[in-house]
Amino acid sequence: MDLQTVIEGEELEFRDVISAAASQLRPGEPRPGRDIMIAVDHGPKSRQAFDWALVHLCRESDTVHLIHAVSSVKNEVVYDMSKALLEKMALEAEQVALVKTAARIVKGDAAKVICQVADRLKPAAVVLGTRGRSLVKSVLQGSVSQYCLHHCKSAPIIVVPGKETDYT
């Protein structure tokens with residue numbers, strides 16, 4: 001294969017290829033929505049993943065499913081804190097990304113719960129954050145993102161912590 005450098009300002013000659021599926025969409029018509037699942041908790045890495053998903057992944061016709069795993073759904077303190085978190089994030093998603101939202105508090109181990117809910121929902125993507133621990137620490141202490149990467153049947157998107165939190 002011979003690759004050639006394109007010189008800036010040089011006239012390009014090309015023809016667009018439009019697939020049958022793409023030709024069914026008319027300009028200006030909304031695209032069909034997707035289900036995007038975002039696993040959230042009270043930590044900053046979860047927040048970072050949520051923000052990243054709203055800016056880079058979600059589009060107007062999507063439905064964002066917020067999932068929060070807890071040790072007990074019967075504990076009123078835990079439930080109230082979780083409910084407040086999900087209500088705040090759902091409202092922000094609706095206002096910022098103009099998406100529909102659904103939220104669910106689920107009892108169980110976070111890694112297994114995320115994969116189980118994803119199996120039932122079948123989202124286009126499962127977004128979650130990671131603490132950015134080393135491989136050794138992740139193996140010894142366990143890692144929700146590592147488990148989901150290997151066991152989720154939907155596409156997991158793991159947002160790795162970075163130095164900047166401004167995704168615009």
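Small disclaimer: the values here were computed from a predicted structure and weren't measured.
- With values rounded to the nearest 0.5 angstrom, Tyr147 atom OH is found 10.5 Å from Ile114 atom CD1.
- Of the residues Val126, Asp119, Val117, the one that meets the side-chain contact (heavy atoms from CB on, under 4.5 Å) test with Cys152 is Val126.
- Within the 4.5 Å cutoff, side-chain heavy atoms of Leu128 are placed close to those of Val144.
- Heavy-atom minimum distance, Pro123 versus Ala118: CD-O, 3.3 Å.
- Phe50 meets the ring pair (Phe, Tyr, Trp, His ring centres under 6.0 Å) test with no other residue; sequence neighbours excluded.
- Counting only residues at least two apart or on different chains, the side chain to side chain donor-acceptor pair (under 3.5 Å) pairs with a member in residues 92-107 are Arg47-Glu92, Glu94-Thr101.
- At least one donor-acceptor pair under 3.5 Å links the side chain of Asp62 to the backbone N or O of Arg34.
- Listed here is the closest heavy atom pair of Cys148 and Pro156: O-CG, 4.1 Å.
- Taking the six-membered ring for Trp and thresholds of 30 and 60 degrees, His56 and Trp52 have ring planes inclined between 30 and 60 degrees apart.
- Annotation: the span from Arg59 atom CZ to Leu54 atom CG amounts to 14.5 Å, rounded to 0.5 Å.
- A distance of 12.0 Å separates CD1 of Ile157 from CG of Leu149, quoted to the nearest 0.5 Å.
- Of the inter-residue distances, the one linking Ser72 atom OG with Ile105 atom CD1 reads 11.0 Å to the nearest 0.5 angstrom.
- Hydrophobic clustering, with ILVMFWY side chains joined whenever heavy atoms are under 4.5 angstrom apart, groups Leu66 together with Val73.
- Listed here is the closest heavy atom pair of Ala124 and Ala155: O-CB, 3.7 Å.
- Of all heavy-atom pairs between Ile158 and Ser145, the closest is CD1-O, 3.5 Å.
- From Leu121, atom CG reaches atom OG1 of Thr63 across 9.0 Å, with rounding to the nearest 0.5 Å.
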Run the side-chain donor-acceptor check on residues 74-87: report pairs under 3.5 Å with partners two or more places apart or on a different chain.
residue: Asn75; atom: OD1; partner: Val77; partner atom: N; Å: 3.0
residue: Asn75; atom: OD1; partner: Val78; partner atom: N; Å: 3.3
residue: Ser82; atom: OG; partner: His68; partner atom: NE2; Å: 3.1
residue: Ser82; atom: OG; partner: Val78; partner atom: O; Å: 2.9

Item to check | Test log, rule side-chain contact (heavy atoms from CB on, under 4.5 Å), inputs Val70 and Val106 | outcome: CA-CA 6 Å; Val70 296; Val106 186; over 6 Å; no
Next on the checklist: Determine whether Ile38 and His65 satisfy the following criterion, side-chain contact (heavy atoms from CB on, under 4.5 Å), listing intermediate values before the conclusion.
Outcome noted: CA-CA 6 Å; Ile38 306 176; His65 298 267; over 6 Å; no
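- Separation of atoms NZ (Lys122) and CE (Met37) is listed at 12.0 Å; rounding is to 0.5 Å.
- Nearest heavy atoms, Cys58 versus Ala97: CB-CB, 4.3 Å.
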Next on the checklist: Checking Leu57 against Ile36 for the side-chain contact (heavy atoms from CB on, under 4.5 Å) test, could you report, in this order, the C-alpha distance in whole Å, the side-chain angles of both residues, the deciding distance, and whether it holds?
Outcome noted: CA-CA 8 Å; Leu57 184 62; Ile36 306 292; 3.7 Å; yes
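- In this structure, Gly108 and Ala69 approach most closely via the heavy-atom pair O-CB, 3.8 Å.
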